[in-house]
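Here is how names work: the chains are called A, B, and so on, in the same order as the sequence lines, proteins then strands, and each is numbered from 1.
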Amino acid sequence: MILPQNFYSKPTVRVARALLGQVLVHETPQGTAAGRIVEVEAYLPKKDPGCHASRGKTARNSPMFGPAGFAYVYFCYGNHYLFNVVTEKEDVPGAVLIRALEPVEGLELMAQRRGKFLPDDLGLTNGPGKLVQALGIERAHNQKALFKKPLYLRPGQRKEKIGVTTRIGLTEGADLPLRFFLTDNDYLSVRPGKARPSMAMRKKMKARAVKV
DNA sequence: AGCAAGATTAGC
DNA sequence: CTAATCTTGCTA
């Protein structure tokens with residue numbers, strides 16, 4: 001069972017909430033790795049200064065303007081790839097960032113890809129850059145279809161309540177409540193109430209202080 | 001051309 | 001707490 005393309009071609013917030021509990025699967029020659037989605041963030045087409053597409057189409061964010069159900073993978077902070085699912089109709093730029101997974105299959109493989117981590121380690125997939133590494137997602141997956149193998153979503157179960165907070169690590173649009181997660185899940189990237197100002201935000205404060 | 005910023009992570 | 005690390009997009 002694979003979620004069809006029309007699962008994604010809806011308003012971004014609705015897709016974001018629907019993604020919680022679904023299982024992200026990546027089949028590779030080394031084996032299959034899969035994890036249940038426990039945390040996401042929505043990036044909206046309109047009135048969202050935190051969205052890459054908020055200042056128009058560029059070479060980097062063009063996948064967000066394409067049809068729904070494709071991957072938007074981009075490089076961040078010089079070290080990490082982040083994985084998004086494109087939403088909305090074509091030419092309407094929306095996406096959902098996958099921020100944390102609960103491992104369900106291929107734990108040994110994920111641990112191997114993550115280096116020193118053990119298969120039962122929470123650090124395996126509890127962050128947007130970490131889960132990309134654990135599943136073996138790379139730059140080459142940018143703009144790949146997610147409604148067919150080898151990288152796809154399988155229907156899963158959700159019985160937990162959905163929690164909502166502001167998004168992590170942004171300097172623009174940081175006040176919008178667009179981060180959705182399964183309450184009390186062990187694999188959340190930031191434990192509720194423990195969020196610290198991100199490096200991006202601190203950098204900005206510093207730059208502002210120098211100017212004044 | 002050059003530079004600053006960034007949807008993060010791991011290590012001291 | 002801070003360095004690492006490099007692509008992108010704008011010209012601070």
Query raised in the report: Tell me, do A:Val96 and A:Asn84 make a side-chain contact under 4.5 Å, heavy atoms counted?
Result: no
Requested in this report: For A:Asn61 and C:dG9, give me the distance from atom CG to atom P, rounded to whole Å.
Outcome: 7 Å
**Report entry** A:Tyr43 side chain, from C-beta outward: closest of B:dG11, B:dA7, B:dT9
**Finding:** B:dA7
Report summary line: With the side chain defined as heavy atoms from C-beta on, A:Arg202 is closest, among C:dT2, B:dA7, C:dG9, to C:dT2
Query raised in the report: Hey, is A:Tyr77 doing a stacking thing with C:dA4, by the 5.5 Å centroid and 30° angle criteria?
Result: no
Report summary line: From CD of A:Glu39 across to C1' of B:dT8 the rounded distance in Å is 13 Å
Query raised in the report: Given B:dT8, is OP1 or OP2 found less than 4.0 Å from the side-chain N or O atoms of A:Ser198?
Result: no
Query raised in the report: Strictly by modelled atom types, are A:Ser9 and A:Glu88 linked by a side-chain donor-acceptor pair under 3.5 Å?
Result: no
Requested in this report: Classify the nucleic acid contact of A:Gly50 as base, sugar-phosphate or nothing, counting any heavy atom under 4.0 Å across all strands shown.
Outcome: base
Report summary line: Side-chain contact check for A:Lys203: nearest option of B:dG6, C:dG9, B:dA7 is B:dG6
Query raised in the report: Across the strands shown, which category fits A:Phe117 at heavy-atom distances under 4.0 angstrom: base, sugar-phosphate, nothing?
Result: sugar-phosphate
Query raised in the report: Are A:His80 and C:dT5 close enough that a side-chain N or O sits under 4.0 Å from OP1 or OP2?
Result: no
Query raised in the report: Counting only N and O atoms by type, is there a donor-acceptor contact under 3.5 Å from the side chain of A:Arg113 to the main-chain atoms of A:Ala134?
Result: yes
Query raised in the report: Looking at C:dG9, C:dC6, B:dT8, which one has an atom nearest to any side-chain atom of A:Phe75?
Result: C:dC6
Query raised in the report: Given that both distances must come in under 3.5 Å, which nucleotide forms a Watson-Crick or G-U wobble pair with C:dA12?
Result: none
Report task. Please state the C1' separation for the pair C:dA12 and C:dT8 - nearest whole angstrom. Result -> 16 Å
Query - Closest contact, heavy atoms only, A:Glu41 versus A:Ile168 - result: OE2-N, 2.8 Å
Query raised in the report: Taking atom P of C:dT5 as reference, at what distance in whole Å does atom CG of A:Leu82 sit?
Result: 18 Å
Query raised in the report: Of all the nucleotides listed (C:dA4, B:dA7, C:dG9), which has the minimum atom distance to the side chain of A:Met64?
Result: B:dA7
Report summary line: Side-chain contact check for A:Met199: nearest option of B:dA7, C:dG9, C:dA3 is C:dA3
**Report entry** For C:dC1, the Watson-Crick or wobble partner whose two distances fall under 3.5 Å
**Finding:** B:dG11
Report summary line: Residue pair A:Arg114/A:Val96 against DNA chain B: nearer the 5' end by closest nucleotide is A:Val96
Query raised in the report: Base, sugar-phosphate, or nothing for A:Arg167, non-hydrogen atoms under 4.0 angstrom?
Result: nothing
Query raised in the report: Contact class for A:Arg99 (heavy atom, under 4.0 Å): base, sugar-phosphate, or nothing?
Result: sugar-phosphate
Report task. Measure from the side-chain heavy atoms of A:Pro128 and tell me the nearest of B:dG6, C:dA4, B:dT9. Result -> B:dT9
Report task. May I ask you to check whether A:Tyr74 and A:Tyr72 place their ring centers less than 6.0 Å from one another? Result -> yes
Query raised in the report: Rounded to the nearest Å, what distance is computed from the CE atom of residue A:Met205 to the P atom of nucleotide C:dC1?
Result: 14 Å
Query raised in the report: To the side chain of A:Thr58, which of C:dG9, B:dG11, B:dA7 is closest?
Result: C:dG9
Query raised in the report: Between atom CG in A:Asn79 and atom P in C:dA3, what is the gap in whole Å?
Result: 14 Å
Report summary line: The reported gap from NZ in A:Lys89 to NZ in A:Lys10 (rounded to nearest 0.5 angstrom) is 11.5 Å
Report task. Assess the side chains of A:Glu39 and A:Tyr187: does a donor N or O sit below 3.5 Å from an acceptor N or O? Result -> no
**Report entry** Whole-Å gap separating P (B:dT9) and CG (A:Asp121)
**Finding:** 14 Å
Query raised in the report: Between atom NZ in A:Lys116 and atom P in B:dT9, what is the gap in whole Å?
Result: 14 Å
Query - Nearest-Å distance for atom pair CG/C1', residues A:Leu131 and B:dT8 - result: 12 Å
Report summary line: By nearest-heavy-atom nucleotide on DNA chain B, the more 5' of A:Lys130 and A:Met201 is A:Met201
